[in-house]
Protein chains: 2
Amino acid sequence: MVQKTRRPPPAPAKPAPAKPDAAAAPKRRGRPRAYQPDVALGRALDLFRKSGFAATSLDDLSAATGMNRPSLYGAFGDKRELYIKSYERYRENARAALADVFRAQLPLRKRLERIYGIALDIYISGEEGPKGCFTVLTAASEAVNDPVIRAMVIDSLAELDRAFASCFRVGKERGELSDDADPVVLSQLASATLHTIAIRARAHVSRKELEAIVKGAIGVMCGTGK
Amino acid sequence: MVQKTRRPPPAPAKPAPAKPDAAAAPKRRGRPRAYQPDVALGRALDLFRKSGFAATSLDDLSAATGMNRPSLYGAFGDKRELYIKSYERYRENARAALADVFRAQLPLRKRLERIYGIALDIYISGEEGPKGCFTVLTAASEAVNDPVIRAMVIDSLAELDRAFASCFRVGKERGELSDDADPVVLSQLASATLHTIAIRARAHVSRKELEAIVKGAIGVMCGTGK
DNA sequence: TGTCTTTTGTACCATTTCGCAAACTATTCC
DNA sequence: GGAATAGTTTGCGAAATGGTACAAAAGACA
């Protein structure tokens, strides 16, 4: 007997922006929010990324976002929902950061270099120690027990594999790879390289060393074309 | 003002076995233990591996080990120390499981296959979902904030790299690799492959798929010698 | 002006969590 | 048998945790 009156589910957070066109001022009804959901979610993401789900308390989140707990709850739902939304946000950010490169028409090597460079930017960012990759370092842990998070993790991994595979396919068509190169296998190796640097970054391995690993991996994947 | 009288540090847990030779019955002094430290530590390890540090409570540990909290504390120290000891134990186990293969004189490919096979056994074991690799999935998370754990993680990663590198060096000497193959670079790729399957295993990717990834990776690393 | 709507802030609750002290029990040594 | 020793059990307690009720606040609308 936990819940009593509890408004249905905490509402889909989205303020249902009247008309998707009226961008500027649909003039919401009641008391105006004291926070920007976007930046608050960003702060929450930072925390979760740093400490994982269990070690991040609602008080921490409350302090970091500047919202008090009831507001947090109203805006994002309970802790787990907030975690999931943070993870979604992380994925959007990562996708956005990498979209250009994955779309661009660059030589394969150059492209890979850029991708890993951006990834390193993401993994190493953060004043309080490098934060690594959300998928690898906190979501994967939760994945065993939570089916929703698990599905997201699987999807993230698959998405990355696919993006890399497409790079390698294009590269192969352009003759940048030997004929017997298998784009799918290479894509998995490319993902693996991303994963390993995420882990190592978390352990404070220096950017220089990580870049060396990347360089070596690219060399192997693209053939020893020295 | 938390601690008051607190016996110094909880003592190095080791009962200081009188003489290292008197293997069988050094006849400990006081009341005999109701638990076997070894199996208790194993249980603790299982729990930490499944849920990570923060999400595992002392009550959980107490239930799993059959020891009540004061005994736990007396035997292993506080939660963090128990975590660290569990991690040490995990590393010992992993080392032991892999020692033979790393020492054996096998053809490179065969050797790698065996290594990954054993790794998969470790990663997938566990009734309540696959547990993955301690280093990758829980220790790495803690590594940002805890210097001791960080050092252990770095050491684990380096140890693995070195072991793989030695495999590749031997393989190269035997002519199983092309002359321009770089054992160090390959070792990092081999580690990366291990890391990626640890992560994927945690997300319930099937053993068959993981084996396919391994097979592809070995193919690339050892040269396309089909 | 007054009503209605949405959000905030305070305070609260039940539960869990970690850690510890104090008393009790089983064993060895003398 | 009586210390001395090592371990167990019970149970406390202070703090933290996730979550919520409720009244006050701030604006829109009529």
Side-chain angles (χ1 to χ4, degrees), chain A residues 1-18 22 24-37 40 44 47-48 51-84, chain B residues 1-18 22 25-37 40 44 47-48 51-83:
Chain A
M1 58 159 183
V2 170
Q3 58 211 20
K4 288 182 181 176
T5 322
R6 193 181 190 174
R7 315 151 214 183
K14 295 216 177 181
K27 275 301 179 195
R28 298 181 46 85
R29 267 288 231 147
R31 176 169 176 170
R33 287 200 181 108
Y35 60 91
Q36 295 166 281
L47 267 198
F48 278 132
S51 309
F53 178 77
T56 304
S57 74
L58 284 186
D59 276 341
D60 297 336
L61 291 164
S62 179
T65 58
M67 306 164 62
N68 42 33
R69 253 172 300 145
S71 292
L72 262 183
Y73 191 84
F76 304 110
D78 68 9
K79 190 181 169 185
R80 176 169 164 276
E81 288 183 79
L82 178 50
Y83 180 84
I84 290 176
Chain B
M1 57 156 186
V2 169
Q3 58 212 19
K4 288 182 182 174
T5 319
R6 191 181 191 171
R7 316 154 213 178
K14 295 219 177 181
K27 277 299 180 195
R28 298 181 46 85
R29 259 308 218 128
R31 175 171 176 170
R33 286 198 181 108
Y35 58 91
Q36 295 166 280
L47 266 198
F48 277 132
S51 308
F53 178 78
T56 303
S57 74
L58 283 185
D59 277 340
D60 297 336
L61 292 164
S62 178
T65 57
M67 307 164 62
N68 42 30
R69 256 170 300 139
S71 292
L72 262 183
Y73 192 83
F76 304 110
D78 68 8
K79 190 180 168 186
R80 176 168 165 275
E81 286 183 80
L82 177 50
Y83 180 84

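Each chain gets a letter, A, B and so on, in the order the sequences are listed, and its residues count up from 1.
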Handout entry: Gap between atoms CZ and C1', on A:R31 and C:dT7 respectively (whole Å)
Key = 6 Å

Exercise for the section: Grab the CZ-P distance between B:F53 and C:dT17 for me, whole Å please. Expected result: 13 Å

Problem - Selected nucleotide, minimal atom distance to A:N68 side chain, candidates C:dC20, D:dA6, C:dT8 - result: C:dT8

Handout entry: Length of the line joining B:R69:CZ and C:dC20:C1', which is rounded to integer Å
Key = 10 Å

Fill in the blank from the handout: In whole angstroms, the gap separating P of C:dT6 from OH of A:Y35 amounts to 13 Å

Exercise for the section: Return the nearest nucleotide to the side chain of A:R29; candidates are D:dT5, D:dC29, C:dC18. Expected result: D:dC29

Completion exercise
Winner on side-chain proximity to A:S57, out of C:dT8, C:dC12, D:dT17, is D:dT17

Exercise for the section: Verify the contact: side-chain N or O of B:S71 to OP1 or OP2 of D:dG7, cut-off strictly under 4.0 Å; return yes or no. Expected result: no

Exercise for the section: First locate atom CZ of B:R80, then atom CZ of B:F53, and finally report the distance between them rounded to the nearest 0.5 Å. Expected result: 8.0 Å

Handout entry: Reported CZ-to-OG1 distance for the pair A:F76 and A:T65, which is rounded to 0.5 angstrom
Key = 7.5 Å

Problem - Residue closer to the 5' end of DNA chain C, B:K79 versus A:P32 (nearest nucleotide) - result: A:P32

Exercise for the section: Indicate, with a heavy-atom threshold strictly under 4.0 Å, whether B:T56 touches base, sugar-phosphate, or nothing. Expected result: sugar-phosphate

Handout entry: Whole-Å distance separating the CG atom of B:D59 from the P atom of D:dG11
Key = 15 Å

Handout entry: Donor/acceptor link under 3.5 angstrom from A:R33 side chain onto base of C:dT7
Key = no

Exercise for the section: Quickly work out the B:R80 CZ to C:dG19 P distance and round it to whole Å. Expected result: 11 Å

Handout entry: Between C:dT15 (P) and A:L58 (CG): distance, integer Å
Key = 18 Å

Completion exercise
salt bridge (Lys or Arg N to Asp or Glu O under 4.0 Å) filter on B:D59, not counting sequence neighbours, yields B:R69

Handout entry: Atom-to-atom span, CZ of A:F76 to P of C:dT7 - whole angstrom
Key = 12 Å

Practice task
Using a cut-off of strictly less than 4.0 Å, decide whether A:Y73 has a side-chain nitrogen or oxygen near OP1 or OP2 of D:dT20.
Solution key: yes

Handout entry: Listed partners of A:R31 passing salt bridge (Lys or Arg N to Asp or Glu O under 4.0 Å), at least two apart
Key = none

Completion exercise
Winner on side-chain proximity to B:P70, out of D:dA21, D:dG11, C:dC18, is D:dG11

Exercise for the section: For B:F48 and B:L82, run side-chain contact (heavy atoms from CB on, under 4.5 Å): C-alpha distance rounded to whole Å, both residues' side-chain angles, the deciding distance at 0.1 Å, then the answer. Expected result: CA-CA 10 Å; B:F48 277 132; B:L82 177 50; 3.9 Å; yes

Problem - Nearest-nucleotide 5' precedence on DNA chain D, A:A54 against B:M67 - result: B:M67

